[in-house]
Q: 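Quick one: the structure is below, questions incoming.
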Amino acid sequence: MSAPWWRDAVIYQIYPSSFADSTGSGIGDLPGITARLDAIAELGVDGIWLSPFYPSPRDDHGYDVADYCDIDPVFGTLADFSALVDRTHDLGLRLVIDIVPNHTSSSHRWFQDALASPPGSPARARYFFRDGRGEHGELPPNNWRSAFGGGAWTRVIEADGSAGQWYLHMFAPSQPDLDWRNGEVADEFDRVFRFWLDRGVDGFRIDVAHGMIKAEGLPDEVFRDDTMGLSELDAYHPPQWAQPEVHDIVRRWRRTVDEYPGDRLLCAEAWLKPIAALAQWARPDEMQHAFNFPYLTTPWSASALRDVVTETLAAFDAVGAASTWVLSNHDLVRHATRLAVPGPFVMGDGIGPRSPNRGHDPAEGLRRARAATAIMLALPGSAYVYQGEELGLPEVIDLPDDARQDPTFFRSGGASYGRDGCRVPIPWEADAPGYGFSPTGASWLPQPADWAPHARDVQRAEPDSTLHLYRRLLAERRRRSLGTAELRWLDSGADVLAFTVGAVTVIANLGSSPVPLPNGRVLVSSSPGVDAELPPSTAVWLAPQPA
Ligand code: GLC
């Protein structure tokens, strides 16, 4: 029996607002994606994951969902969605969509009902409404903080005009957390899953998949210095994340998804470590994938990478799951910048004009990013690629404050720049308005003036471009079945990462001086012109030399 498709799939993340705008609104849309999808199929990926496209006030750019079973008019219609499903499948790709179960938008009818209903009502019981502490309930019910800065509770005005209860939002106040101990909530999401499964989607990326259940009694959190933004379950178990009952919810979803043919996928976005704890989300009756943020947040160091890869393979093997790998997404500083600036990076940090770590060499950033991708795409398991990384896009640092949109920037009072810098609409044609993103040149985040060399049409014409590197890596990965091969480490110097995967040898130089290359035929090199020596910040794939 052949392995299911997700075991070694490479999935390309599309952030709909920033991919392709067909109307000139400045915001990308579904027809835009459908029209440009052949360029993604041509890359050699196996599927796409779409970030949310649901009706939403866009306070958190769609991760604040007002209706889980429709399309926001800015993105199109359900008919446009069906056309996109058909096109995706015609191109031989799978389609994964994003589900946001931890919280709704405050515009969702449930939350509006809750606001209009009294304390203790069934409408409030779908969320976390609680009386405040203090003599007049003027203090929040506990000390939890929002992931976007500030407190995690907001006080409401009751129907009679008095200051009333507080509601919980682990993200923005416009994203009230649902209470998943309420049976109605679980039933509603069964309906949501079926709605999209019936429309032909091949899987779901689950937003904040370690959320949903909060510890009974909502106890205060003991704050810790968690530099990576990952909850470390072996040291302390925070009351908001990774509660044991979350696994029952996940199993229920898996049963629903498994009623449909075709090995449909569930992928967890869970910011957890150690990796063995993360792998609990990928047990056989739970999800098939869990994003590997410990890998993503690993600094540019051969020994650190070797450790995190070893730990990942062991942890996911132990539960019989595919390891997954990811270097960039819509929440983090793009890896073409991140790998060349001092971290650590917590989700939402961003880099902006006043950041102390803004100074770096962009050419070195790109070299490292290309090498990092060459390492990642050789690793056994499945990988996620974020739109624009195949163009070598850097983080956009010089966005003016008044162009910024991410709630993180506003809620932190500008202390964190937030995630806009990785969400700038991507360039297609160097000479078209808005680099071809939009017919009018409109763009919801301003595109840098110097992006023409990154445009896809320019890179198509350059054999050594980052675009062609991705195509070569993906083609060799598929041809040689690297995603289902076994990895073995080779002895190497301290700054060198060396392993075999199947019949391919991968050598990466993370140090600052060249190292000799072993015998072998260079299949792919992350930087052009590699011969007898491997320059710094470069990775190669070697095939055995023909006898
Ligand atoms: C996830 C999403 C992020 C969003 C947050 C709240 O982490 O990736 O973009 O802001 O959840 O929904």
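In each ligand, atom 1 is the first atom listed, and ligand 1 is the first ligand listed.
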Q: Counting each atom of ligand 1 from 1 as listed, which ones have a heavy atom of H103 under 4.0 Å away?
A: 6 (C), 12 (O)
Q: For ligand 1, note which part of R205 has a heavy atom under 4.0 Å away: side chain, backbone, both or neither.
A: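 Near ligand 1, R205 shows its side chain, while the N, CA, C and O stay back.
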Q: With a cutoff of 4.0 Å, is H169 in contact with ligand 1, counting heavy atoms of the residue only?
A: no
Q: Do me a favour and list the nearest non-hydrogen protein atom to atom 7 (O) of ligand 1 with residue, atom name and distance?
A: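 Ranked first by proximity to atom 7 (O) of ligand 1 is E269 OE2, 2.6 Å.
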Q: May I ask you to identify the nearest protein heavy atom to atom 10 (O) of ligand 1, giving residue, atom name and distance to one decimal place in Å?
A: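 Nearest protein contact, heavy atoms only, for atom 10 (O) of ligand 1 is D60 OD2, 2.5 Å.
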Q: May I ask you to decide whether R181 forms a salt bridge with E245, counting only side-chain N to carboxylate O separations under 4.0 Å?
A: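 The answer is yes: the pair qualifies as a salt bridge.
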Q: Please state which protein non-hydrogen atom is closest to atom 11 (O) of ligand 1 and give its distance, to 0.1 Å?
A: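 Protein heavy atom at minimum distance: D207 OD1, 2.9 Å.
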Q: Is the shortest distance from a Lys or Arg side-chain nitrogen in E188 or R126 to a carboxylate oxygen in the other one below 4.0 Å?
A: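 Judged by the 4.0 Å cut-off on N to carboxylate O distance, E188 and R126 do not form a salt bridge.
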Q: Under 4.0 Å, heavy atoms only, figure out whether ligand 1 is touched by the backbone of H61, its side chain, both or neither.
A: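 For H61, no heavy atom sits under 4.0 Å from ligand 1.
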Q: What do you reckon, does R419 put a non-hydrogen atom under 4.0 Å from ligand 1?
A: yes
Q: Out of Q387, E389, R205, H330, which residue meets the side chain to side chain donor-acceptor pair (under 3.5 Å) rule with Q13?
A: H330
Q: Could you list which atoms of ligand 1 come closer than 4.0 Å to a heavy atom of H330?
A: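 Those of ligand 1 that fall under 4.0 Å from H330 are 2 (C), 3 (C), 8 (O), 9 (O).
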Q: Minimum distance, heavy atoms only, to atom 3 (C) of ligand 1: which one of D331, D59, L332, N329 is it?
A: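 Closest candidate by heavy-atom distance is D331.
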Q: Using heavy-atom distances, let me know which of W271, F171, F291 sits nearest atom 5 (C) of ligand 1.
A: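 Among W271, F171, F291, the closest heavy atom to atom 5 (C) of ligand 1 belongs to F171.
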Q: Would you say that W444 contacts S17 through its side chain, given a criterion of any heavy-atom pair below 4.5 Å between the two side chains?
A: yes
Q: Distance under 4.0 Å to a non-hydrogen atom of V208: what atoms of ligand 1 satisfy this?
A: 11 (O)
Q: Excluding sequence neighbours, so at least two apart, what forms ring-ring contact (aromatic ring centres under 6.0 Å, His included) with Y127?
A: F111
Q: Do the side chains of D248 and R251 get close enough for a salt bridge, i.e. N-O under 4.0 angstrom?
A: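 Yes, D248 and R251 are salt-bridged.
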Q: Show your working on ring-ring contact (aromatic ring centres under 6.0 Å, His included) between H289 and F291 and close with a plain yes or no.
A: CA-CA 7 Å; H289 285 177; F291 285 117; 8.2 Å; no
Q: Mind checking whether R423 has a heavy atom under 4.0 Å from ligand 1?
A: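 Yes.
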Q: For residues 344-354, which residue pairs pass the salt bridge (charged side-chain N to carboxylate O under 4.0 Å, His left out) check, not counting sequence neighbours?
A: R354-D401
Q: Using 4.0 Å as the upper bound for N to carboxylate O, is an ion pair formed by R252 and D285?
A: no
